[in-house]
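Notes for the one structure printed next.
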Protein chains: 2
Amino acid sequence: MDQLRETLKVHHLRTTTCREDVLSTFINRKNALSHGDLEGALGESYDRVTIYRTLKTFLEKGIIHKVLDDEGLRYALCSHSCSEEKHQHDHIHFKCSSCGETNCLENLHIPAVSLPDGYHPENFNLLIQGICPKCN
Amino acid sequence: MDQLRETLKVHHLRTTTCREDVLSTFINRKNALSHGDLEGALGESYDRVTIYRTLKTFLEKGIIHKVLDDEGLRYALCSHSCSEEKHQHDHIHFKCSSCGETNCLENLHIPAVSLPDGYHPENFNLLIQGICPKCN
DNA sequence: TCGAACTTGCAACGGGGTTGCAGAATATTT
DNA sequence: AAATATTCTGCAACCCCGTTGCAAGTTCGA
């Protein structure tokens, strides 16, 4: 639990119960979470707006990143290497079409894609949909 | 212009001016379009709801597909091989961070990714962000 | 412990997207 | 060509997502 305060401190954020709760929710559930998931997890403890702002702050500080999906926006913890200045931008996300969970596959690299001339890629985002090991 | 009617007919859709206009907008502009883009392109000709429903219908029939993006949903024409039953599901989209345009790179294949045991992938969606040839 | 700086809750708002329904347009049958 | 069944459209209303402004409450450093 002091781990949480530590993380916030590193990113120059004041420790508030909302931020601690949101952060620990991300740590406990390992998968990507939507704003609605957090509202559900935290009950009536905090205003919707506060949760939105917490997510926005965490995004800006590089604590979490956006996860794209064909039916909405989610967020997931960034790997340790992320910070406000420098982001690990290449992500592979796996969304299970059975249980609906989305997870980051942190250890995989996106294979090189050879683009036509003139394209200058900066970051890659791969969403794979299918069946996850749990639902197999 | 009869091409449009033909396409609609193939998909068992009635020819209406809205559908023809939406379809031809997709054909003329080659990039991915949002609902807002279409509203802008078609002016006051049609109700927002009608455009939403047209997009939904085209999606269901396999005429267009969703394009994911970190700031919203867009749609693009499917390649010819798509139909209501069978979709060409693997897509590479390139979004230019300068001009904002998103385009399908139809001819490229996503290289194989070796997933951990237990994962059964069904489709792949790769979003590459960077600078496009026009803005180079 | 005090004050400056930041965070929260509330209210309100705008945009995106959906639904129900009545009226209009399209296709089909004769 | 006219009548009918079917499908589409426009309108109104609604819900959900996300944002903003402001006043009151917290945090943290001096």
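Bear in mind the structure is a predicted one, so any value in this text is a computation, not a measurement. Proteins get letters first, then strands, A, B, ... in listed order; numbering begins at 1 in each.
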Bending between helix ends of the helix from C:dT1-D:dA30 to C:dT30-D:dA1 [5 pairs per end, 10° resolution]: 30°

May I have the distance from A:Asp37 (atom CG) to D:dG18 (atom P), rounded to whole angstrom? 11 Å

Does C:dA27 have its OP1 or OP2 closer than 4.0 Å to a side-chain nitrogen or oxygen of B:Thr15? yes

Atom pair distance, as rounded to whole Å: CG in B:Leu13 and P in D:dT6: 18 Å

In whole angstrom, give the distance that lies between atom CZ of B:Arg5 and atom P of C:dA25. 15 Å

Donor-acceptor check, side chain of B:Ser97 to backbone of B:Gly130, threshold 3.5 angstrom: yes or no? yes

Where along residues 25-32 of chain A does a heavy atom come under 4.0 Å from DNA chain D, residue by residue in number order? none

Under 4.0 Å between a side-chain N or O of B:Thr16 and OP1 or OP2 of D:dT9? yes

Looking at B:Arg14, is its backbone amide N or carbonyl O close enough to the side chain of B:Arg19 to form a donor-acceptor pair, meaning the two atoms are under 3.5 Å apart? yes

Atom-pair distance (NE2 on A:His12; P on C:dT7), nearest Å: 13 Å

When the distance from CG of A:Leu8 to P of D:dT26 is rounded to whole Å, what number comes out? 18 Å

Taking only heavy atoms on the protein side, list every residue of residues 38-56 of chain A lying under 4.0 Å from any atom of DNA chain D, sorted numerically. A:Arg48, A:Val49, A:Tyr52, A:Arg53, A:Lys56

Backbone of B:Tyr46 reached by a side-chain donor or acceptor of B:Thr50 within 3.5 Å: no

Main-chain N/O of A:Cys132 paired to A:Asn136 side chain as donor or acceptor, under 3.5 Å: no

Rounded to whole Å, the CZ-P distance (A:Arg19 to D:dT27) equals 11 Å

Ring-plane angle category for B:Tyr52 and B:His35, please: parallel below 30°, perpendicular beyond 60°, tilted otherwise. parallel

Stepwise ring-ring contact (aromatic ring centres under 6.0 Å, His included) test for A:His65 and A:Tyr75: CA-CA 5 Å; A:His65 63 270; A:Tyr75 305 88; 9.1 Å; no

Could you state the atom-to-atom distance from CG of A:Leu73 to C1' of C:dG17 in whole Å? 16 Å

